[in-house]
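Since the structure comes first, as structure tokens, the remarks are kept for the end.
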Amino acid sequence: MRIFSTFKISSSSVGHNLFSRLSLRRSHAPFPEPSMATTTEESLRRDFAAKQSAVEAQGNAIRALKAATATKPEIDAAIEALNQLKIEKAAVERELLSVISGGSGDGSVSREAFRQAVLNTLERRLFYIPSFKIYRGVAGLYDFGPPGCAVKSNVLAFWRQVREFIGLPKFINYGTVTRIQNFGIVTKGMQNIWQLYSNAEYPVGYWSNAKHSLTLLDNAKQRYWSNAKHPVMLPDECKTSYNIVGLRVKHPGKTSTLLISPQCKTLVLQYLGNAAGTSPVAYPDYMQDPGGISGTQSKLKLRKCHFVLEENMLEVDCPCVTPEVVLKASGHVDKFTDLMVKDEKTGTCYRADHLLKDFCNEKLQKDLTISAEKAAEFRHVLAVLDDLSAEELGAKIKEYGITAPDTKNPLSDPYPFNLMFQTSIGPSGLLPGYMRPETAQGIFVNFKDLYYYNGNKLPFAAAQIGQAFRNEISPRQGLLRVREFTLAEIEHFVDPEDKSHPKYSEVANLEFLMFPREEQMSGQSAKIICLGEAVSKGIVNNETLGYFIGRVYLFLTRLGINRKRLRFRQHLANEMAHYAADCWDAEIESTYGWIECVGIADRSAYDLRAHTDKSGVPLVAAEKFSEPREVEKLVIAPVKKELGLAFKGNQKNVVEALEAMSEQEALEMKAALESKGEVEFQVCTLGKNVCIKKNMVSISKEKKKEHQRVFTPSVIEPSFGIGRIIYCLYEHSFYTRPSKAGDEQLNVFRFPPLVAPIKCTVFPLVQNQQYEEVAKEISKSLTVAGISHKIDITGTSIGKRYARTDELGVPFAITVDSTSSVTIRERDSKDQIRVNVDEAATVVKAVTDGLKSWEDIWSSYPHHSSESADD
Ligand code: AMP
């Protein structure tokens, strides 16, 4: 959802500047962060200029020596000094070029080369395909190929309701249990008894798998599970504060741990032993159910989160084609624009700000002769690009002599271009419509029904995943700026007087890179801040906004986004709409710079009010009072008869204007009418002042009993650009490593299993019927376990088959090299373990589902080393 702002309204800048979200739509690649890179670049530019002057001065000195017929040794020494200076200048030049092209200065691969490697791999392996390729494609439209579809569907499944396993290491203190009491009966048998340990690692209780009951011991030091014959409750002082860190079971030959995370109200069983044949149990939310734990034994239940399920969101699915009236009310028809310029001779269109941005970037990156001051000016222009009005943009384009990139023809003045694809609904052409530019409006117009569905209670959130369409003027940045893309949007409706969030404490301790407004203004960089601190200091406007920032952070990092390349940037005051309380963008660093991938905004009551006004349907909520409250209300009662006599056909406008007066205006009018008997009153809709007399309106304060408070809810909106997140994930996951022979670089995507398009491959080591049979059996078990996999029975060398699937990011490969056992190889470490054939699918399932880490598996199974492994 875009945000409208009211700064700098001028006739030709309307649209561009009204739409503060315009700025979100651009990458913040050149954001003036005084990062190390900028500082280095500045000093390198100064160094380079100094070396250049020194070379020139030395050249002049040599000419002077020659003119003065100096001795040969003198001239030779001066030439040697010149050569030395040239070497130094070349070194600085190399370093400067490397820094401005995105390399680190140490000869590492440049951004462009890296991006090209990623894109080549993605396109070759059909993660994406330029749409309508056989007809030479259309800019800004891309298809997802099979692995791309799988990744997208995994990301969306995770967004809706992820199965999040708390695969936590043993004996970590998960916090304080506050609700341990009244747990069930002790089982007498010793089987299936799980021992509960405190953080001091003393057993403090035990869990009966057979009876589903948890018993706590009164004296942890003395009474061990084997001696506990009776149910013993935890001493009172421990009931409210006891740190439980693990529940350990001793099965013969196996060790398992049941981890209790009171904070997450979740139990998850971790088997550290042999997984096969055991029946894992986990009982979510047991802390909320102290009387007994519901759930079926051996049915694995897991904590779900992100976003729809966790928040009990109401998901809707609305049409992409939207009638004009909806987008008129939201403001899109009038203001969803970018500034465009045209080649005056050919008519080719360009985005005005892009041309200016390219010009400045090119100067900064390719022209080493510009002074540090000029470089600072270009950087400043890049920083304020989003704020420039049409006139200012046009003036800069003229000042820098920017022409059409393809023809060098002169350009028109910038003018606003609406980005929505227009259509008409039905054959008559009488009902104009647009392809929706965002999914949010579908939720707003359904607010009344959704509120009712939610039992007329606030807060609640609605969500929608769907396609959005924006007719981008000249889409560049490949997969990042496209004309049709998937949005996943949440509209969380909340009482404006209470923006607390019940689950805020779950994220308050998170620490990550934040870039508050103040740091941006004072030229500092993003820094690690504790979210709770940012909320309590008022840097983040309210708890609910903070809660969603935290959830977005968890979502992105769990997908595999590098946390060091993720920051939350607060909108500057001039970027924000006048009605917005606060906005933050989750920006991910890619080779295109810092890219806004998720916008998280507190949009106050703007959207619901806009649709209330246009439709006449009140989109409001009510808080019922337990006791009626007495309130003093200002009552403005226009006397219609007198107004009709005085103003005839204009009566309605005058009545409306009187009723719309603020409390202060009305009290001033009352005072004036009482003292003078009449008052001049401006009626905007008539465009003139009228004379209001004492008999035309009654203004009084009355005491009333109110049973409820009716208000327009505020909306807090996280809006996820799914395609952008996925592209950044591709870049963050991609790396190359040398082949075993060292003669080529092999591509790898290190997707976490959650995201990986295919979880596992099955390869018979050599072409052999028995091995193929085993491979097919394993494939069947994987299908039954719901693990996406690929079986490859070609005779290609095993190394080549590994390399092919590494390039698709497949995390595990099962290689059949005997009929009784197989190897499982992990993609990034290339480590292999040996497991029995009938265990292979279970092991892969445990690790792809996140129940176990590869380290767990690695420590539980014999290792396999094979010279042939990666050849
Ligand atoms: P906006 O409504 O402009 O804030 O956009 C919401 C989200 O949609 C942004 O955070 C981006 O991730 C994504 N987005 C916006 N425009 C595009 C585009 N042209 N191509 C791909 N994603 C986009």
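Indexing begins at 1, ligand by ligand and atom by atom, following the structure's order.
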For R565, which residues count as a salt bridge (charged side-chain N to carboxylate O under 4.0 Å, His left out) partner, sequence neighbours excluded?
E589
Which is it for R470 and ligand 1 at heavy atoms under 4.0 Å: side chain, backbone, both or neither?
side chain
With the side chain counted from C-beta on, respond yes when I443 and F493 share a heavy-atom pair under 4.5 Å apart, and no when they do not.
yes
Can you find a non-hydrogen atom of S719 under 4.0 Å from ligand 1?
yes
Examine ligand 1 and decide if any of its atoms is less than 4.0 Å from a heavy atom belonging to L479.
no
Considering only heavy atoms of L487, which atoms of ligand 1 have at least one such atom less than 4.0 Å away?
6 (C), 7 (C), 8 (O)
Checking E717 side chain against I490 main chain: does a donor-acceptor pair fall under 3.5 Å?
no
For ligand 1, which atoms sit closer than 4.0 Å to a heavy atom of E596?
4 (O), 9 (C), 10 (O), 11 (C), 12 (O)
Parallel, tilted or perpendicular: rings of F158 and F555 (30°, 60°):
parallel
Does L480 reach ligand 1 with a nitrogen or oxygen that is under 3.5 Å from one of the ligand's nitrogen or oxygen atoms?
yes
How does R483 reach ligand 1, by side chain, by backbone, by both or by neither, if only non-hydrogen atoms under 4.0 Å count?
neither
Would you tabulate the side-chain donor-acceptor contacts of residues 124-132 under 3.5 Å, counting partners in other chains and residues two or more places apart, or write 'none'?
residue	atom	partner	partner atom	Å
R124	NH1	E807	OE1	3.1
R124	NH1	E807	OE2	3.4
R124	NH2	E807	OE2	2.8
R125	NH1	R804	O	2.8
R125	NH1	E807	OE1	3.0
Y128	OH	E123	OE1	3.1
S131	OG	L141	O	3.2
S131	OG	Y142	N	3.1
S131	OG	D143	N	3.3
S131	OG	D143	OD1	2.7

Go through ligand 1 atom by atom and flag the ones less than 4.0 Å from a non-hydrogen atom of C597.
10 (O), 12 (O)
So does Q422 have more than 12 non-hydrogen atoms from other groups sitting under 6.0 Å from CD?
yes
